[in-house]
Amino acid sequence: MGKRDNRVAYMNPIAMARARGPAQNSGPTIQDYLNRPRPTWEEVKEQLEKKKKGSRALAEFEEKMNENWRKELEKHREKLMGGNESSSKKKEKKKKEKKKSNRLSSSSSSSSSSDSSSSSSDSEDEDKKQGKKRRKKKYRSSRKSSASSTSESESDSKDSTKKKRSKEDYEKEKEGKNHHRKRKKADRGDGPLSSESLSESDQTEEVQAKKKKNNEEKEKTDKTKKRKKHKKHGKKKKKKIAGSNSDSE
């Protein structure tokens with residue numbers, strides 16, 4: 001299969017135009033525009049005079065209309081001025097009537113306000129009394145709660161100290177019994193055995209002394225902690241009392 005021949009023949013546009021021949025006249029040419037008919041100077045003067053006469057007539061008509069408009073405006077102003085005078089008189093009468101009514105209403109309102117002020121003062125006194133009673137109740141309840149909390153804390157501290165002391169006494173009794181038994185055994189036995197028993201007894205005494213020191217130190221620390229707690233509780237009490245006093249004031 002061979003390729004298609006897509007070639008086109010070249011056409012010279014100038015040659016084509018010459019072959020067509022001269023173009024037909026479509027519309028006026030420049031020569032026609034230059035050779036158009038023109039008016040003479042005399043005809044122009046006549047046209048200008050006609051225009052001036054028309055403008056004079058318009059000016060005269062506008063002047064007449066302005067005069068008529070001015071007359072109508074003057075009549076309207078006279079009517080408005082008369083109406084304003086009558087309206088001003090009416091306004092003055094209304095003001096006088098309002099003043100009289102305000103005086104009567106003020107007298108009646110003063111009497112009613114005196115009654116309302118007396119009733120409001122009575123209600124304020126009752127509110128104040130009720131507020132004082134509430135504050136007193138709150139203060140009493142806060143005191144009772146603080147006293148109960150202090151008593152509970154004191155009873156807990158006493159119980160804990162009693163338990164510690166009972167434990168310490170029991171341990172001391174045990175140690176004393178053991179020491180007494182060891183001494184009896186050492187007295188019954190021979191010489192070297194007695195020396196060993198004595199050394200054991202010395203060790204037990206040292207252990208007991210250390211335990212006593214440790215217990216004393218623990219008691220001191222517990223006492224200091226309790227004092228700090230009591231101080232904090234006392235400060236809280238003072239703050240509550242001061243707050244309740246301020247509320248009562």
For the student: nearest non-hydrogen atoms of Lys218 and Thr221, plus distance: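 Minimum heavy-atom separation between Lys218 and Thr221: O-OG1, 2.6 Å.
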State which residues pass salt bridge (charged side-chain N to carboxylate O under 4.0 Å, His left out) with Lys136; sequence neighbours excluded, sorted by chain then number.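 Scan of Lys136 (salt bridge (charged side-chain N to carboxylate O under 4.0 Å, His left out), adjacent residues dropped) gives none.
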Which pairs, with at least one residue in residues 6-15 and sequence neighbours excluded, count as a salt bridge (charged side-chain N to carboxylate O under 4.0 Å, His left out)?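 Qualifying pairs: Asp5-Arg7.
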To the nearest 0.5 Å, how far apart are [atom1] in [X] and [atom2] in [Y]?
X: Arg140; Y: Arg135; atom1: CZ; atom2: CZ; answer: 15.0 Å
X: Lys129; Y: Asp127; atom1: NZ; atom2: CG; answer: 11.0 Å
X: Lys96; Y: Lys100; atom1: NZ; atom2: NZ; answer: 8.0 Å
X: Asn68; Y: Leu73; atom1: CG; atom2: CG; answer: 11.0 Å
X: Asp222; Y: Asn215; atom1: CG; atom2: CG; answer: 10.5 Å
X: Glu67; Y: Lys64; atom1: CD; atom2: NZ; answer: 9.0 Å

Evaluate Glu217 against Asn214 for side-chain contact (heavy atoms from CB on, under 4.5 Å), listing each step before the verdict. CA-CA 5 Å; Glu217 288 176 356; Asn214 290 324; 4.2 Å; yes
With a 6.0 Å cut-off (strictly less than), is the heavy-atom count around CG of Leu34, excluding the residue itself, greater than 12?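 Yes, because the 6.0 Å sphere around CG of Leu34 holds more than 12 heavy atoms from other groups.
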Tell me whether Arg36 at atom CZ has more than 12 heavy atoms from other residues, nucleotides or ligands lying less than 6.0 Å away.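 Atom CZ in Arg36 is crowded, with more than 12 foreign heavy atoms closer than 6.0 Å.
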Just wondering, do Ile14 and Arg18 contact through their side chains at under 4.5 Å, heavy atoms? yes
Is [X] isolated, or which residues cluster with it under the ILVMFWY side-chain rule of less than 4.5 Å, directly or via members?
X: Tyr33; answer: none
X: Tyr170; answer: none
X: Met81; answer: none

Could you check whether any side-chain N or O of Asp32 sits under 3.5 Å from a backbone N or O of Thr29, counting only pairs where one atom can act as donor and the other as acceptor? yes
Please determine whether a side-chain nitrogen of the Lys or Arg among Glu171 and Lys211 lies less than 4.0 Å from a carboxylate oxygen of the Asp or Glu.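 Looking at Glu171 and Lys211, the cut-off is not met.
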Quick one: side chains of residues 39-47, donor-acceptor pairs under 3.5 Å with protein atoms, not counting sequence neighbours, listed by atom name and distance.
unit_1: Glu43; atom_1: OE1; unit_2: Thr40; atom_2: N; d: 3.4

